[in-house]
There are 2 protein chains.
Amino acid sequence: MSVTDIVWRMTTTNSNPPLTPAVFHILLSLSSGERHGYGIMKQVEVDSQGKVNMGAGTLYGSLKRMLDAGLVKESDKRVDPEMDDERRIYYRITGVGKKALAAELERYRHIVGVAKKLRLFPETFAYDV
Amino acid sequence: MSVTDIVWRMTTTNSNPPLTPAVFHILLSLSSGERHGYGIMKQVEVDSQGKVNMGAGTLYGSLKRMLDAGLVKESDKRVDPEMDDERRIYYRITGVGKKALAAELERYRHIVGVAKKLRLFPETFAYDV
DNA sequence: CATACTATATCCGTAACGGACATAGCTGTC
DNA sequence: GACAGCTATGTCCGTTACGGATATAGTATG
């Protein structure tokens, strides 16, 4: 099932199948502001504590699919004319993108809850709440 | 990067790249007990609130890779001879599998934390803690 | 007696991924 | 000033992962 299929299903059947990790991380990185490709890569690295290193192929391939699916849009934002890096294309998350991200985050939170019930995390102390 | 590569990297360099969603969910389902293929599928459905429907190809393909990588083992457990469904093969999680699962769960928990800081979850109430 | 569910497993087309490569400007340093 | 390293975009292509169809067969329900 492609990303486009997932969004189609989301908007028509109200069911939310999981996003791919790449798509998820791109959406997460864009939820703290508009970013260009390279900026997304760096932010994903930060958000994941360096654990996810997204290759250029994954990034630009995913962005293309996400544009088709309406999860992100190209922003009108352009850089200050002085520092003219005109190649930069900024992306921003759309309403559909926010909805998809929220559903996926809920899935993450639920799984963490399941894992806690199974005592798969080392015990936390009272002051650790 | 294959699952085997990920485990090799884990055990040699102490770095933990993400698991694929399928591998992760299989490990999670096995952390609450030994299960056979079909049982894994059903448990994944439960753990994910029906959001992840794992195809047979994904399941048995992933299990094969996970056996190679040492994340799971075939169990000696066999069914009561009376109800002889002898085809059943039970799987259990190994030490390496537990370590991989723990690292991945930590990644999930961290991401949920990041999302909370970004206020991407609807506000929770005091009694909701 | 047909349908549905349990159960294992393979096959194959599609989707996703990652790294190499191409290109190019900018910065710092030896 | 040459050279390394970083920013920046993007394509290409081989590998990996995934999902559904299919095959097979037993059990249970109506």
Side-chain angles (χ1 to χ4, degrees), chain A residues 1-9 15 17-27 34-45 48 51-69 71 74-75 77-80 82-91, chain B residues 1-9 15 17-27 34-45 48 51-69 71 74-75 77-80 82-91:
Chain A
M1 184 167 40
S2 71
V3 174
T4 317
D5 292 336
I6 288 171
V7 172
W8 175 83
R9 221 193 251 189
S15 116
L19 304 174
T20 71
V23 169
F24 170 66
H25 272 101
I26 291 170
L27 287 177
E34 302 188 356
R35 290 177 202 286
H36 52 95
Y38 195 77
I40 293 171
M41 270 168 86
K42 292 288 128 184
Q43 189 59 38
V44 169
E45 220 178 303
S48 71
K51 280 169 187 164
V52 177
N53 79 315
M54 193 153 41
T58 305
L59 174 71
Y60 291 103
S62 297
L63 277 176
K64 194 174 238 173
R65 278 172 246 139
M66 292 166 78
L67 281 167
D68 288 345
L71 294 170
E74 288 188 14
S75 163
K77 183 178 175 184
R78 287 293 172 268
V79 181
D80 307 304
E82 302 98 60
M83 60 165 297
D84 53 351
D85 206 339
E86 288 163 23
R87 293 167 310 164
R88 277 192 188 170
I89 298 169
Y90 281 80
Y91 300 90
Chain B
M1 186 166 37
S2 72
V3 174
T4 316
D5 293 335
I6 288 171
V7 173
W8 174 84
R9 220 194 250 190
S15 118
L19 304 174
T20 72
V23 168
F24 170 66
H25 272 101
I26 292 171
L27 287 177
E34 303 188 355
R35 292 175 200 286
H36 53 95
Y38 196 77
I40 292 171
M41 271 167 84
K42 292 288 128 185
Q43 188 60 36
V44 168
E45 219 177 305
S48 71
K51 281 169 188 165
V52 177
N53 80 315
M54 195 154 37
T58 304
L59 174 71
Y60 291 103
S62 297
L63 277 175
K64 193 173 239 174
R65 279 172 247 140
M66 290 165 79
L67 282 167
D68 288 345
L71 294 169
E74 288 188 15
S75 162
K77 184 178 175 183
R78 287 291 171 271
V79 181
D80 308 305
E82 302 97 60
M83 61 165 295
D84 53 352
D85 207 338
E86 289 163 22
R87 292 167 311 162
R88 277 194 189 170
I89 298 169
Y90 281 81
Y91 300 90

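Here the structure is a predicted model, which is why all the values come from computation and not from measurement. The chains referred to below are lettered A, B, ... by the order of the sequence lines, with proteins before strands, and numbering in each begins at 1.
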To the nearest 0.5 Å, how far apart are CE in B:Met54 and NE2 in B:His25? 8.0 Å

From the list [options], which nucleotide is the closest neighbour of the side chain of [X]?
X: A:Ala56; options: C:dG18, D:dT11, D:dT7; answer: D:dT11
X: B:Thr58; options: C:dA9, C:dG18, D:dC18; answer: D:dC18
X: A:Tyr91; options: C:dT6, C:dA9, D:dG10; answer: D:dG10

Nearest heavy-atom neighbours spanning A:Leu59 and A:Gly37: CD2-O, 3.4 Å

Please tell me if the side chains of B:Ile26 and B:Leu71 come closer than 4.5 Å, counting only heavy atoms from C-beta onward. no

If we only count heavy atoms from C-beta on, is the A:Glu74 to A:Tyr91 side-chain gap below 4.5 Å? yes

Just the rounded figure in Å: distance from [atom2] of [N] to [atom1] of [X].
X: B:Leu59; N: C:dT8; atom1: CG; atom2: P; answer: 9 Å
X: B:Lys64; N: C:dA9; atom1: NZ; atom2: C1'; answer: 9 Å
X: B:His36; N: C:dT8; atom1: NE2; atom2: C1'; answer: 11 Å
X: A:Leu19; N: C:dA15; atom1: CG; atom2: C1'; answer: 14 Å
X: A:Asp68; N: C:dT14; atom1: CG; atom2: C1'; answer: 16 Å
X: B:Arg9; N: C:dG19; atom1: CZ; atom2: C1'; answer: 12 Å
X: B:Ile6; N: C:dG18; atom1: CD1; atom2: C1'; answer: 12 Å
X: B:Met66; N: D:dT16; atom1: CE; atom2: C1'; answer: 15 Å

Looking at [X], I'd like to know whether one of its side-chain N or O atoms comes within less than 4.0 Å of OP1 or OP2 on [N].
X: B:Asn53; N: D:dG20; answer: yes
X: B:Ser2; N: D:dA17; answer: no
X: A:Tyr60; N: D:dT9; answer: yes
X: A:Thr20; N: C:dA15; answer: no
X: A:Arg65; N: C:dA15; answer: no
X: A:Tyr38; N: D:dT9; answer: no

Identify, between B:Met41 and A:Ala22, the residue whose nearest nucleotide on DNA chain C lies closer to the 5' end. B:Met41

side-chain contact (heavy atoms from CB on, under 4.5 Å) between B:Ile89 and B:Leu63, intermediate numbers included: CA-CA 11 Å; B:Ile89 298 169; B:Leu63 277 175; over 6 Å; no

Give A:Val23 one of three labels, base, sugar-phosphate or nothing, depending on what nucleic acid heavy atoms sit under 4.0 Å from its own. nothing

Please classify the nucleic acid contact of B:Gly37 as base, sugar-phosphate, or nothing, using heavy-atom distances under 4.0 Å. sugar-phosphate

